[in-house]
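Only one structure is covered here, and it is reproduced in the block below.
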Amino acid sequence: MAVVDPVTDPAVTTSPVESYNEWDPLEEVIVGTLGGCAVPACETAVAAVVPHRQKDFFERNAGGAFPAEYTARAAAELEDFAALLTSLGVRVVRPDALDQRRPFATPDWSSPGGLYSAMPRDVLLIVGDTVIESPMAWRSRYFEAHAYRRLLMDYFRRGAKWISAPRPRLLDSLYDEDFDDERPYRSGRYATTEAEPTFDAADFVRCGRDLFAQRSHVTNLAGIEWVRRHLGDSYRVHLVEVADHAPMHIDATFMPLAPGKLLLNPERVKTVPSCFDSWDIRFAPQPALPEDHVLYMSSAWVSMNVFMVDERRVVVEAGEAPLIDFLQDWGFDVLPVSFRNVIRFGGCFHCVTADVRRRGELRSYF
Ligand code: DAV
């Protein structure tokens with residue numbers, strides 16, 4: 001049998017990466033890992049989004065470890081989630097658990113350590129057959145994509161397109177220490193300026209030819225414009241106006257679940273783009289998480305951060321009874337998974353995944 005080298009063979013045109021939306025039948029997915037994770041330094045764009053009561057924790061522990069008991073329980077929950085997806089016939093792959101508790105520097109600044117490879121949604125923007133590595137605004141996340149390079153090289157060899165957005169310098173001029181922590185959407189004072197493009201992939205959601213993005217403390221307008229120009233005429237990138245006091249990642253706010261079904265955060269979304277006029281738009285019930293549950297990096301609204309296996313089946317946090325009832329009433333088949341320890345680290349099922357391949361094609365839903 002002839003040995004084909006996809007890197008050089010022009011006959012190889014198919015890509016193992018192909019995913020256009022949040023709901024086509026899932027075939028392959030990256031699920032994050034907490035191995036090697038570190039507490040990030042409490043720099044400006046971190047302080048802007050972590051719950052106020054956790055700021056001391058970040059200041060005291062930057063570059064160190066999270067409580068071992070929490071990471072161990074969260075790691076077990078991640079394994080259970082991965083095993084569920086595998087049992088449904090999905091190919092699950094994992095990034096490398098790099099040691100993040102090592103200081104690093106660029107010519108301009110230094111960081112006591114990294115963060116984790118738990119949230120592939122933040123770092124990899126997958127659009128069709130292309131993987132885009134995000135230019136993330138947190139200095140602690142500067143090298144986060146390295147944990148995925150083994151996977152990305154494999155996808156590249158087999159035909160995927162792969163690009164990294166311009167590597168940002170993350171100079172002090174990118175940050176606005178006087179950011180507005182009440183209504184940044186009114187004042188326009190976010191933790192990041194427009195000094196250079198930055199974005200986290202999780203500030204985008206995909207509906208075929210249309211992507212929806214929010215300006216957040218880590219994603220600036222230059223970052224959104226970079227994605228728009230890079231994707232070109234085949235795609236439309238819409239800016240969603242969001243009334244969030246600490247915006248970071250659109251996927252606990254604005255969640256297209258299936259064609260014609262849009263789930264919204266009742267506290268944050270004031271106006272919906274008119275292209276959704278013919279969709280069934282519903283507001284999520286209040287999260288069921290107890291007040292005293294320790295969350296380091298998000299609000300309890302990560303309840304909304306659900307993950308579609310296909311148009312009908314949705315993975316939901318097992319303790320979110322009101323949301324489970326609500327989604328069943330809406331016609332979904334709910335797969336409950338316990339994830340209350342994972343969410344301490346800033347994200348739920350949508351955040352800890354990057355859907356590499358879903359069976360479907362590029363189309364317009366509007
Ligand atoms: O509290 O809305 C959710 C997503 C974080 N990755 C929040 C953040």
Side-chain angles (χ1 to χ4, degrees), residues 22 30-34 37 40 45-55 58 66 74 77-78 81 115-125 134 136-138 140-141 144 181-185 190-192 198-205 212-219 223 240-257 263-270 283-291 293-307 315-317 320 323 339-355:
E22 309 293 335
I30 304 173
V31 172
T33 174
L34 276 161
C37 68
V46 177
V49 295
V50 299
H52 288 160
R53 59 181 166 182
Q54 297 300 348
K55 274 186 199 149
F58 283 89
F66 283 95
E77 290 174 351
L78 277 168
F81 174 50
L115 175 59
Y116 50 37
S117 41
M119 308 287 164
R121 183 74 55 186
D122 302 356
V123 63
L124 304 177
L125 181 58
S134 301
M136 304 174 95
W138 287 12
S140 52
R141 307 190 83 172
E144 195 164 305
D181 68 353
E182 285 173 17
R183 293 189 190 87
Y185 48 92
Y190 292 86
T192 46
T198 61
F199 62 85
D200 277 15
D203 274 317
F204 295 78
V205 280
F212 298 87
Q214 69 169 8
R215 171 55 159 127
S216 75
H217 282 307
V218 293
T219 294
V240 179
E241 288 187 25
V242 167
D244 185 352
H245 73 281
M248 178 171 170
H249 305 160
I250 198 167
D251 53 357
T253 299
F254 186 93
M255 289 287 275
L257 299 178
L263 178 66
L264 294 182
N265 184 312
E267 294 176 359
R268 296 179 183 168
V269 182
K270 307 297 181 205
F283 290 99
Q286 289 290 319
L289 198 69
E291 244 319 286
H293 188 80
V294 172
L295 293 177
Y296 290 109
M297 283 185 263
S298 76
S299 72
W301 281 110
V302 283
S303 58
M304 273 187 58
N305 195 253
V306 298
F307 184 63
V315 184
V316 184
E317 209 291 311
E320 294 293 332
L323 183 63
F339 234 44
R340 283 200 169 166
N341 292 285
V342 173
I343 65 172
R344 299 182 195 283
F345 298 90
C348 205
F349 306 107
H350 194 259
C351 293
V352 303
T353 50
D355 21 359

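Since this is a predicted model, take the numbers as computed values, not measurements. One-based numbering, in listed order, for ligands and for the atoms of each.
At least one heavy atom of Val302 sits closer than 4.0 Å to an atom of ligand 1. Proximity of Gly346 to ligand 1 is established by a heavy-atom distance of less than 4.0 Å.
Scanning the protein for heavy atoms near atom 3 (C) of ligand 1, the closest one is Ala252 CB, 3.6 Å. With hydrogens left out, the protein atom closest to atom 6 (N) of ligand 1 is His249 ND1, 2.7 Å, a heavy atom.
The residues Asp122 and Arg141 are annotated as salt-bridged, a charged nitrogen and a carboxylate oxygen being separated by less than 4.0 angstrom. Salt-bridge annotation for Arg121 and Asp355: present, with a side-chain N of the basic residue lying under 4.0 Å from a carboxylate O of the acidic one. Looking at Lys270 and Glu241, no side-chain N of the basic residue comes within less than 4.0 Å of a carboxylate O on the acidic one, giving no salt bridge.
Under 4.0 Å from ligand 1, the heavy atoms of Met248 that appear belong solely to its backbone. Heavy atoms of Arg268 found under 4.0 angstrom from ligand 1 belong exclusively to the side chain. At a heavy-atom distance under 4.0 Å, only side-chain atoms of Cys351, from C-beta outward, approach ligand 1. Under 4.0 Å from ligand 1, heavy atoms of Ser298 appear from its side chain as well as its backbone.
Taking the side chain as every heavy atom from C-beta outward, Thr253 and Met304 never approach each other to under 4.5 Å.
Aromatic pair Tyr185/Tyr190: centroids not less than 6.0 angstrom apart. Proximity of the aromatic rings of Phe81 and Phe339 is defined here by a centroid distance below 6.0 angstrom, and this criterion is met.
Taking only nitrogen or oxygen atoms, main chain and side chain alike, Ser299 reaches within less than 3.5 Å of ligand 1.
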Query raised in the report: Can Val218 and Phe199 be said to form a side-chain contact (heavy atoms from CB on, under 4.5 Å), step by step?
Result: CA-CA 6 Å; Val218 293; Phe199 62 85; over 6 Å; no

